[in-house]
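Notes for the one structure printed next.
Numbering of residues begins at 1 and proceeds along the displayed sequence. Worth saying up front: this structure is predicted, and the values here are computed from it rather than measured.
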Amino acid sequence: MTLLRVGKVAAGTRVDAAAREEPMADEDAAGRETPGAGATEPAWETPGADGVARERLRRWRLVLGGAAEESLGKAEGRDGAMDGALAALYDAAGDGDGTAVKRSAGLGGSAPKVARWLGDIREYFPSTVVQVMQADAIERLDLTRLLLEPEMLAAVEPDVHLVGTLLSLNRVMPEATKDAARQVVRTVVEQLERRIAQQTRAAVSGALNRAARINRPRHADIDWDKTIRANLKHYQVAHRTVIPERLVGYGRRTTAVQRDVILCVDQSGSMAASVVFSGVFAAVLASMRSLRTSLVVFDTAVVDLTEQLSDPVEVLFGTQLGGGTDINRAIAYSQQLITRPRDSIFVLISDLYEGGVRDEMLRRVAEMTAAGVQVVALLALSDEGAPAYDHENAAALAALGVPAFACTPDAFPELMAAAIERRDLQAFAERFAGQRAAG
């Protein structure tokens, strides 16, 4: 499994492994490595090419693990402890037919041993790397069972993927563990709210204001910046001023609901991160008086969680990850919530693998778009991008004028703004895809 370890570690751990105490070296303009900004020169790096070469060998030793011990030497001290933490997770050999066979490394089923390992990786690696290693440990070493123990939850680094795992265990979680699990979920929810709430409210409020702009505003509602820009060609030199021929402003300020938003979220296991982000976004949108927000989650059944949107933690614990998928049934329920089609935005978040009646699903989407509903189809709402999805259904939706694409949480506020203003969502999807490819 050396290649697996190389792939995982090279993606982040190899570079970040020494970051806690030993900043990575930077290369100067001539290609020579120099210590990181503000860092003291580490003990292992002496001036000159020999020191640089030794550091590179040291890091390759951490990447390759025990398999490289004969050629690169044994990892000692802190490096040895870091190597041991990596080995416990990634060092397993193949038996020749593709089946993984444990070598001397591994965490086994011992909760104390796992707890110590979790403590070790938090000491040696940055939190972003810890989250990757935790997710890998849950997947590769079948540690899900141990997450049902409160002391284990106290040792883990909270993140979106861990929340997804906990939500999938919600129905089998013992009462003694639920309080600890809720605290983990609340920690992550609060982090996400700090990340997205202000941007979402600003983007949506701005879009609603722009959508309400009129050309015969009352004096108090004139948008002077837009008015001046629209009338610059009427600048009067003699009077040194602009005489506007057309006023631009907003409609009368109102507390009335201006848009109805329905988030319809697939609960299948592959959508775990999307469920978490969707729940938090729904709670943020529900806090805005100018929107009427509904949250519908589904597998083969449909559950309306709108009444719980005041507490996103309760929303997430109201979901049930896993199971089948009946998109048609979920859309049928959501159609009942639409009373003002031209003022409604329907966001379907799903990988589009339909277990229900496909033709009816597409017919319902066509009905909504024909009635004036702004329909958005997201294959994922997460930082990772699109998972596996049904390409045939995605193409069918695109033919109906509903492009299906993955969206990151940071881009979701802008997407909502585009939907409110009824901009071209196909153009938005293409521009977003281009930005991701360039970034």
Please name the pair of heavy atoms, one in [X] and one in [Y], separated by the smallest distance, quoted to 0.1 Å.
X: W117; Y: A85; answer: NE1-O, 2.9 Å
X: L425; Y: A419; answer: CD2-N, 4.2 Å
X: L162; Y: V156; answer: CD2-CG2, 3.3 Å
X: L379; Y: M271; answer: O-CE, 3.6 Å
X: S274; Y: I349; answer: CB-CG2, 4.1 Å
X: L72; Y: L57; answer: CD2-CD2, 3.7 Å

What's the separation between atom [atom1] in [X] and atom [atom2] in [Y], rounded to the nearest 0.5 Å?
X: L64; Y: L86; atom1: CG; atom2: CG; value: 11.5 Å
X: I121; Y: Q134; atom1: CD1; atom2: CD; value: 5.0 Å
X: D83; Y: R61; atom1: CG; atom2: CZ; value: 4.5 Å
X: F281; Y: L295; atom1: CZ; atom2: CG; value: 13.0 Å
X: T369; Y: Q374; atom1: OG1; atom2: CD; value: 10.0 Å
X: S334; Y: M368; atom1: OG; atom2: CE; value: 7.0 Å

Check for a donor-acceptor pair, side chain of [X] on one end and backbone N or O of [Y] on the other, with a separation under 3.5 Å.
X: R259; Y: I420; result: yes
X: T319; Y: V315; result: no
X: T200; Y: I196; result: yes
X: N328; Y: M361; result: yes

Cationic N near anionic O, under 4.0 Å, [X] to [Y]:
X: D383; Y: R195; value: yes
X: R58; Y: E76; value: no
X: D390; Y: R358; value: no

Exactly one of V296, D326, V297 clears side chain to side chain contact (heavy atoms under 4.5 Å, CB included) with V302, and that residue is V296
For a 4.5 angstrom cut-off between non-hydrogen side-chain atoms, does [X] reach [Y]?
X: V276; Y: L316; value: yes
X: M288; Y: S205; value: yes
X: I327; Y: L348; value: yes
X: Q267; Y: T325; value: no
X: V261; Y: M416; value: yes
X: L381; Y: F412; value: yes
X: F125; Y: M82; value: yes
X: F346; Y: V376; value: no

- prompt: Within a reach of under 6.0 Å around CD of Q198, are more than 12 heavy atoms found that belong to other residues, nucleotides or ligands?
  reply: no
#### Entry: Greater than 12 external heavy atoms within 6.0 Å of E392's CD
no
Practice prompt. Given salt bridge (Lys or Arg N to Asp or Glu O under 4.0 Å), test R186 with D311 step by step and report yes or no.
Written response: CA-CA 10 Å; R186 189 168 298 280; D311 186 348; 3.7 Å; yes
R182 to F317, cation-pi by 6.0 Å centre distance and 45° axis angle:
yes
key: Residue pair V347, L378: steps toward the side-chain contact (heavy atoms from CB on, under 4.5 Å) verdict   = CA-CA 7 Å; V347 184; L378 298 183; 4.1 Å; yes
Tell me yes or no: between the side chains of [X] and [Y], is some donor less than 3.5 Å from an acceptor?
X: N393; Y: Y353; value: no
X: Q335; Y: R364; value: yes
X: T408; Y: D410; value: no

- Begin with the C-alpha distance, continue with both residues' side-chain angles, and end with the deciding distance and a verdict on side-chain contact (heavy atoms from CB on, under 4.5 Å) for T165 and H161. CA-CA 6 Å; T165 301; H161 299 288; 5.6 Å; no
By side chain to side chain contact (heavy atoms under 4.5 Å, CB included), E307 pairs with (sequence neighbours left out) none
Would S270 and D351 satisfy side-chain hydrogen bond (donor to acceptor under 3.5 Å, both in side chains), going step by step from the backbone distance to the final call? CA-CA 8 Å; S270 63; D351 55 17; 3.0 Å; yes
Practice item. Could you please spell out the steps behind the side-chain hydrogen bond (donor to acceptor under 3.5 Å, both in side chains) verdict for T300 and R329? Key: CA-CA 8 Å; T300 53; R329 176 176 291 186; over 6 Å; no
Residue pairs passing the side chain to side chain donor-acceptor pair (under 3.5 Å) test with at least one member in residues 412-421, sequence neighbours excluded, are R210-E421, E414-R431, E421-R423
Report task. May I have the step-by-step check of side-chain contact (heavy atoms from CB on, under 4.5 Å) for I331 and V365, ending in yes or no? Result -> CA-CA 8 Å; I331 295 178; V365 172; 3.8 Å; yes
**Prompt:** Between R340 and V257, is a side-chain contact (heavy atoms from CB on, under 4.5 Å) present by the stated rule, with each step listed?
**Reply:** CA-CA 11 Å; R340 306 183 303 165; V257 173; 3.6 Å; yes
